[in-house]
Amino acid sequence: MSRIINVALKDLRLAFRDSGALVMMLVTPFALTLVIGFAFGGFGGSSGGLQSIAVIVVDNDGGELGRAFVTTLQSPDLADLLRTEVNGDEVAARAAVDADKAAAAVIVPAGLSDAILSAGAGQGAGAASQVVVEIYANPGSPVGAAVVRAIVDEVAGHISRATVGAQVAIEQLLANGIVAPQDLATVAPAVAERVAGERLTTQPVSVANEQVTGAAEGAGTGFNWLAYMAPSMAIIFLMFTVTSAGRTILAERDAGTLARMLVSPTTATEVLGGKVAGIFLTGLAQMVILLLAGWLLLGISYGPFVAVAPLVVALVAAATAWGMLLAAWTRTPAQAGSLGAAMSLTFAALAGNFMPRQVLPPWLRTASLFTPNAWGLEAFTSLASGGGLADVTTAIWALLVMAVIVFGAATLVFRRQYSR
Amino acid sequence: MRKILAMAWNDVKIEFSDRSTILFFLILPIVFTTIIGVGLGGVSSQEQDNRIALLVLDGDGGDLAARFVAALSASQVVRPVAVTASEADAALGKQADTLVAVPAGFSALLAGGEPATVMLRRTTNDTNALAVEQAVRTAAASVGDVVAVALASVGEAEALRPFADAPARAAYFGRSLASADEMLRRPPVTTKLTAAPTTNVEIGDAFSHSSAGQMVTWVMITLLGAAEVLVNERLGGTLRRLLVTPTQRATIIAGKVVGRLGMGLVQMALLIGFGAFVLGVSWGRSPIALIMVVVAFALTSVAFGIMLAAFARTRSQAGWLAVFFSMLMGALGGAWWPLEVTPPVYQSVVRIFPTTWAMRGFLDVIVRGQGVSGVYAEVLVLLGFAVVFFAIGIRRFRFE
């Protein structure tokens, strides 16, 4: 056992003395995590996500309802989200959007207030003709344009509700003989005002949220890019590390140091065991350093320690097994290097390391479960949503079983290679 | 010129003598582009229902509950899956990650003028859960609006002439509800999303960003790989031997640049072709504008590779510097996520990277459908970067 540990510690020291390896193991993933933190507001005091979406409002109406769109878009409540400019020139507004100076231009048509207010006051029976508020979007800012549309839709919906409310009330009063046609002109404006001002102020149907996995709403109210991408980057580079470390076995074989170790009173099993342990320890150290750095510097919370610790151990074990299988199967260090990088990147793409796993189609999410990346991401996502050990037990067991199976396959291939 | 081309062709042959080169040059980029395309629905079948599954437990069974479920069915975001009370707990987390429960008495409460609540239970807090919540709120609001209008109508009638009895009130409510439903199906004020006539993609199509982002990332890896090759040749003495021949240093460097540039251009052409003909990706309306951005970006990347080679001392150093910079600049420049979701300060800072300008150029062509005049600024900036990187790299470059 002491020989295995010695070989393992030797490899661990070598890994951490290689500046190039350190750049790949620690500097690059941490730099990417910092970039992500900067991009999504992971640093204290700065808010991430969408901010200051530039929107131009062109109020061709000028009436009460046109001003409602302007007032809403200029609301202090939306001051962080939107940067609203009011412009009377529709052509200039469209040009600004085309020049990528705004996410969207909201163009309120002339006559909006007249058409809607007269319809609401019952001066036209039946449905009013539709008035369309145009949102001229910047195709290069799809997210910003969607946010602007959602806000404008809400204002439009509010106006429509009030208008239809007045129309239905007046229509039913007439249809049921409660109000005579000759009294309509007197009654209708007051009905319209009451309906819009008093009777339609609340939404009768509400939606209550319940998070079943257990932490309360404090677990987060939105997709946390940082909590997803930080472990995601760590997992990608863990795979780079273990596949690269597996290459060193071949390099040692080619350089003759492996043969020299076998001449010593160290069995092949002890040498291989030490190599495996060294790769495992290197990967574990890398994950721990990266996750700690994310926690200390970016305030990322990965979940309860009792869940994160076994998850990381199982993840590194499974990744190490894949690194060993690669080393067993390839013939030269260069081959192992190329295929290792290819495997790491392919696993990352399939499992969702580069984009939220949730946007992948279900069949791809299932198919990618042969990778340690997929189980790792599922588990970290679950923990970030407020889950605990019970929620990641399946992933931990799956990773450990994967480690055993893949390592078993690697051992068989190794034996076949070295018995020739 | 012949010497330049000869050296360039020689470098290409050496590069592709290692069969693993084809892996990074073509196979992986194609695999990635396909996965991204499939992942974001770029090539999904029209017959497939890719909406997010939402379990629906209707504990009420009344008209208004049915309207709520119908509103969910009409959603473009969620695909309702009806479950019974006994199936709900088992199905949640397996068949779907979210469940909406309509309580018993929902319809009666609303008809009686009382508020009612639907319960949304979820097992995750991810982007899908947020989208489902928004869809449920939209459906709830659509039912709520109709009910609110009907109740308002009942209230106005009651204020003028009280109803004889509860059935009369209920009948009035029913008629008002039907009228409100019909009118709100065609609301008086609606919105329409438009864009410039040259727009090349559907508004909201995030895949357009990822196809450009994939190309920027992979081509950078290939072209920055020039650093490792050059350092290897320097340490191996090949460059020193070339100097002994009647070949000027500028010719040698030009040969190296042309070889690597040619590889990058071929790689991009293959990726663009694969995307266009196999995945149906639209690469814009102006092939010339696209070519301009492609060439400018390729030149910048090769120049950066030359500069890296000038500073790197070992092959390993050059290798990891290339990976480090290509991934970092790709991420920073908007190749991995759209810059519009980042803070304004971030968007300003990242303008110092050539990848930011490359992404802008590609998006101008691919998304905005702009032509040559629309990409002048980005192309000029990229060429400026290329000049600076070449100047630094050539000045510091050592042949031995």
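Chain letters run A, B, ... following the sequence lines, proteins first, then strands; residues in each count from 1.
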Report summary line: Of all heavy-atom pairs linking Leu193(B) and Ala137(A), the shortest is CD1-CB, 3.9 Å
Report task. Flag the one option from Val148(A), Leu112(A), Asp100(A), Val97(A) with the top tally of heavy-atom pairs under 4.5 Å to chain B. Result -> Asp100(A)
Requested in this report: Below 4.5 Å from any heavy atom of chain A, which atoms of Ala101(B) appear? Answer side chain, backbone, both or neither.
Outcome: neither
Report task. Check whether Arg161(A) gets within reach of chain B through its side chain, its backbone, both or neither, counting any heavy atom under 4.5 Å. Result -> both
Report summary line: Given Val149(B), Ile27(B), Leu92(B), Thr191(B), the one with more heavy-atom pairs under 4.5 angstrom with chain A than any other is Thr191(B)
Report task. Report the option among Val179(A), Leu173(A), Val195(A) that has the most heavy-atom pairs separated by less than 4.5 Å from atoms of chain B. Result -> Leu173(A)
Query - Residues in side-chain contact (heavy atoms from CB on, under 4.5 Å) contact with Glu114(B), at least two apart in sequence or another chain - result: Leu109(B)
Requested in this report: Would you mind checking which part of Ala341(A) comes under 4.5 Å of any heavy atom in chain B, side chain (CB onward), backbone (N, CA, C, O), both or neither?
Outcome: both
**Report entry** Nearest heavy atoms of Ser160(A) and Leu184(B), plus distance in Å
**Finding:** O-CD2, 4.3 Å
Query raised in the report: Out of curiosity, Leu339(B) CG to Ser141(A) OG, how far, rounded to the nearest 0.5 Å?
Result: 10.0 Å
Report task. Among the options Val106(A), Leu350(A), Leu65(A), Ile159(A), pick out the one with the most heavy-atom pairs lying under 4.5 Å from chain B. Result -> Leu350(A)
Query raised in the report: Where do Arg161(B) and Asn176(A) land on the side chain to side chain donor-acceptor pair (under 3.5 Å) test, with the steps shown first?
Result: CA-CA 11 Å; Arg161(B) 191 170 74 192; Asn176(A) 290 275; over 6 Å; no
Query - Exercise: identify the closest heavy-atom pair between Arg368(B) and Pro139(A) - result: CG-CG, 3.8 Å
Requested in this report: Considering non-hydrogen atoms only, spot the tightest contact between Phe324(B) and Ala31(A) and give its length.
Outcome: CE1-CB, 4.0 Å
Query raised in the report: Any idea which of Ala169(A), Gly352(A), Ala348(A) has the most non-hydrogen atom pairs under 4.5 angstrom with chain B?
Result: Ala169(A)
Query - Leu110(B), part contacting chain A, at a heavy-atom distance under 4.5 Å - result: side chain
Query raised in the report: Where on Met233(A) is there a heavy atom nearer than 4.5 Å to chain B: the side chain, the backbone, both, or neither?
Result: side chain
Requested in this report: Assess whether atom CD of Glu158(B) is packed by more than 12 heavy atoms of other residues, nucleotides or ligands within 6.0 Å.
Outcome: yes
Query raised in the report: Is any side-chain heavy atom of Val164(A) less than 4.5 Å from a side-chain heavy atom of Pro187(B)?
Result: no
Query raised in the report: Any idea which of Arg121(B), Glu156(B), Lys192(B) has the most non-hydrogen atom pairs under 4.5 angstrom with chain A?
Result: Glu156(B)
Report task. Among the options Val191(A), Leu345(A), Val152(A), pick out the one with the most heavy-atom pairs lying under 4.5 Å from chain B. Result -> Leu345(A)
Report task. Would you check if the side chain of Glu340(B) reaches a backbone N or O of Val143(A) as a donor-acceptor pair within less than 3.5 Å? Result -> yes
Query raised in the report: Given that the side chain runs from C-beta out, which part of Ala146(A) has a heavy atom under 4.5 Å from chain B: side chain, backbone, both or neither?
Result: neither
Query raised in the report: Run the side chain to side chain donor-acceptor pair (under 3.5 Å) check on Glu134(A) and Thr194(B) step by step: do they pass?
Result: CA-CA 7 Å; Glu134(A) 183 185 355; Thr194(B) 61; 2.6 Å; yes
Query raised in the report: Can you say whether Phe106(B) sits under 4.5 Å from chain A via the side chain, the backbone, both, or neither, judging by heavy atoms?
Result: side chain
**Report entry** Contact origin within Gln172(A) toward chain B - heavy atom pairs under 4.5 Å
**Finding:** both
Report task. Let me know if Gln134(B) has heavy atoms under 4.5 Å from chain A in its side chain, its backbone, both or neither. Result -> neither
Query raised in the report: Taking only residues two or more places apart in sequence, or in another chain, which ones meet Glu133(B) in a salt bridge (Lys or Arg N to Asp or Glu O under 4.0 Å)?
Result: Arg122(B), Arg137(B)
Report task. Compare every heavy atom of Ile116(A) with every heavy atom of Pro188(B), then report the nearest pair and how far apart it is. Result -> CB-CD1, 3.7 Å
Report task. Apply the test side-chain contact (heavy atoms from CB on, under 4.5 Å) to residues Val205(A) and Val147(B): give CA-CA distance (whole Å), side-chain angles for both, the deciding distance (0.1 Å), then the verdict. Result -> CA-CA 9 Å; Val205(A) 182; Val147(B) 169; 5.5 Å; no
